[in-house]
Amino acid sequence: MNHWLMKSEPDVYSIDDLERDGSTSWEGIRNYKARNNMRAMKKGDRVLFYHSNASPPGIVGIAEVVKEAYPDHFAFDPKHHYFDEKSDPEKPRWDMVDIAFVEKLPRMVSLPEVKLTPELGAMELVTTARLSVQAVKKSEWDRIVAMAAEPDAGE
DNA sequence: GCCAACGTTGGC
DNA sequence: GCCAACGTTGGC
């Protein structure tokens, strides 16, 4: 099983929205690296749910891949926000996956806290700007989950 | 194929 | 709201 991290702006779609909905499709990814990561996802893979553009931003929950990559049909609809004329229904350029709610973490592991943790310094969350779907190492995953089970060291 | 212009992400 | 980072587009 592989591990991932997906960013979402809580004003647009939060972990609470996912909990309410149970599962959702992850459309609108328009970055090749992020798309390729989604294409590598397997059913059952686990996903850290990250709130971006929040104060503070951070990891708030866990989701699970329930449907592997399939064409992002929103790219075909000229009236849709996610329309991309370069994505041909015969040869789709963009894919999406479906994820399901697993749990909320006992507390948020904030980005500042991640940055202060040496073992997490190599995460793309820290090293790579503007990548909304990224791979997470098992050791990083375990560390983050363990941190969420304990009080914030910074408080 | 280079690179300037432009658009978006996302931290702060 | 600002702006750095950086991916994409398009002129040449």
Side-chain angles (χ1 to χ4, degrees), chain A residues 2-21 23-41 45-63 65 69-99 101-102 104-137 140-141 143-148 150-155:
Chain A
N2 287 313
H3 300 81
W4 309 93
L5 180 146
M6 291 169 120
K7 297 179 182 177
S8 184
E9 299 188 29
D11 289 348
V12 178
Y13 198 84
S14 71
I15 189 72
D16 292 320
D17 293 325
L18 183 61
E19 181 175 28
R20 178 198 64 216
D21 295 344
S23 66
T24 191
S25 56
W26 209 256
E27 68 272 10
I29 298 298
R30 297 290 178 269
N31 170 287
Y32 288 108
K33 202 171 173 187
R35 181 205 65 184
N36 291 342
N37 284 335
M38 287 201 300
R39 286 183 173 174
M41 288 180 179
D45 281 359
R46 293 284 163 128
V47 178
L48 292 173
F49 198 101
Y50 176 88
H51 280 173
S52 60
N53 257 315
S55 47
I59 298 149
V60 293
I62 295 174
V65 177
Y70 59 105
D72 182 344
H73 57 81
F74 295 94
F76 308 145
D77 177 359
K79 293 185 293 295
H80 198 276
H81 176 67
Y82 289 136
F83 175 64
D84 181 355
E85 62 180 1
K86 297 193 183 63
S87 188
D88 180 348
E90 298 298 314
K91 201 180 175 193
R93 173 177 295 205
W94 305 114
D95 281 1
M96 56 187 176
V97 298
D98 288 358
I99 62 170
F101 177 82
V102 173
K104 283 200 232 180
L105 293 177
R107 68 171 180 86
M108 166 191 273
V109 177
S110 72
L111 180 61
E113 202 181 346
V114 169
K115 287 180 171 174
L116 283 170
T117 306
E119 296 91 328
L120 302 179
M123 288 185 73
E124 285 177 307
L125 188 62
V126 178
T127 63
T128 309
R130 302 177 45 198
L131 181 63
S132 61
V133 181
Q134 33 184 277
V136 173
K137 293 189 180 70
E140 295 164 343
W141 176 283
R143 179 73 194 218
I144 288 163
V145 170
M147 286 164 72
E150 296 175 354
D152 186 342
E155 284 179 10

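Treat the numbers as computed from the prediction; the structure is a model and nothing was measured. We name chains A, B, ... by the order of the sequence lines, and we start the count at 1 in each one.
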Within the side chain of [X], is there an N or O that forms a donor-acceptor pair under 3.5 Å with the backbone of [Y]?
| X | Y | result |
| --- | --- | --- |
| A:Ser14 | A:Asp16 | yes |
| A:Asp84 | A:Ala75 | no |
| A:Arg107 | A:Met147 | yes |

*Between which nucleotides of DNA chain B, read 5' to 3', does contact with chain A run, using atoms under 4.0 Å from its heavy atoms?*
B:dG7 to B:dC12
Does the side chain of [Y] come within less than 4.5 Å of [X]'s, by heavy atoms?
| X | Y | answer |
| --- | --- | --- |
| A:Pro57 | A:Leu111 | yes |
| A:Leu48 | A:Val109 | no |
| A:Val102 | A:Arg46 | yes |

*Take A:Ile62 and A:Val145, measure what side chain to side chain contact (heavy atoms under 4.5 Å, CB included) needs, and give me the verdict at the end.*
CA-CA 9 Å; A:Ile62 295 174; A:Val145 170; 4.3 Å; yes
*Check each residue of residues 26-34 of chain A for a non-hydrogen atom within less than 4.0 Å of any atom in DNA chain C, then write out the ones that pass by number, or none.*
A:Asn31, A:Tyr32
*Output the residues of residues 49-62 of chain A in contact with DNA chain B, where contact means a heavy atom of the residue under 4.0 Å from an atom of the strand; sort by number or write none.*
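Going residue by residue through residues 49-62 of chain A, the ones with a heavy atom under 4.0 Å of DNA chain B turn out to be A:Tyr50, A:Ser52, A:Asn53, A:Pro57.
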_Donor + acceptor pair across side chains of A:Trp4, A:Asn37 (<3.5 Å)_ =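 The criterion, which ignores hydrogens and geometry beyond distance, is not satisfied for A:Asn37 and A:Trp4.
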*Quick one: CG on A:Asp77 to OH on A:Tyr82, what's the gap to the nearest 0.5 Å?*
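Rounded to the nearest 0.5 Å, the CG-OH separation comes to 13.0 Å.
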_With a 6.0 Å cut-off on the ring centroids, do A:Tyr32 and A:Trp94 count as close?_
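Yes: the rings meet the under 6.0 Å criterion.
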_Most 5' of A:Lys86 and A:Ala129 on DNA chain C, judged by nearest nucleotide_ = A:Ala129
